[in-house]
Amino acid sequence: PWQLRAILGIKCEYDVGCPAHQETSYVLYGQSMVRSLEILPEKHGYYVSNCIRHCLTGSRGNWNRMMIDDVNMEDAFLMWYEDKINVSGSNNHTVRFVDT
C-alpha cells in the first residue's frame, strides 16, 4: 500500500518479500500509534485496524464488513455515539477497538 511508502519509506508490499528490518519498522509504528491512543482520556473512543486493512475502509460497504472483535465500524460508532448522548450523563463504557 502507498501508506507504507509515503509514511514509513518502506518500498515493498508488507508480508511479501519485505526485509525483516522493514517489517519490524511497520510493526513498531503500529504499536507506537496504539500506545498514543491508549493514553487518551476514556471519553474518546477509537476503532483502529492495521495499515493494510485500513486501506480497505474507504471502499464502499466496508462500514459494515470490517470486523474487530466481532464488531463492525458502524456498530462501534453507534455504541460510542449513543453513550455520548446518554441523557443520564453516565459514561458506562469506553468504545475502543484495535486490530493489529
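Numbers here simply count residues along the sequence, with the first being 1.
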Interatomic distance, Gln31 atom CD to Met33 atom CE [nearest 0.5 angstrom]: 11.0 Å
d(Thr24 OG1, Gln22 CD) to nearest 0.5 Å is 10.0 Å
Is a donor on one side and an acceptor on the other found under 3.5 Å between the side chain of [X] and the backbone of [Y]?
{"X": "Ser32", "Y": "Leu28", "result": "no"}
{"X": "Tyr81", "Y": "Ala76", "result": "no"}
{"X": "Tyr26", "Y": "His21", "result": "no"}

Does the side chain of [Y] come within less than 4.5 Å of [X]'s, by heavy atoms?
{"X": "Leu78", "Y": "Glu74", "result": "yes"}
{"X": "Glu38", "Y": "Tyr46", "result": "yes"}
{"X": "Leu37", "Y": "His44", "result": "no"}

Steps toward side-chain contact (heavy atoms from CB on, under 4.5 Å) verdict (Ile10, Glu23): CA-CA 9 Å; Ile10 294 175; Glu23 286 188 24; over 6 Å; no
Tell me the closest heavy-atom pair linking Asp75 and Asn72, and the distance in Å.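 Minimum heavy-atom contact is N-OD1, 2.7 Å.
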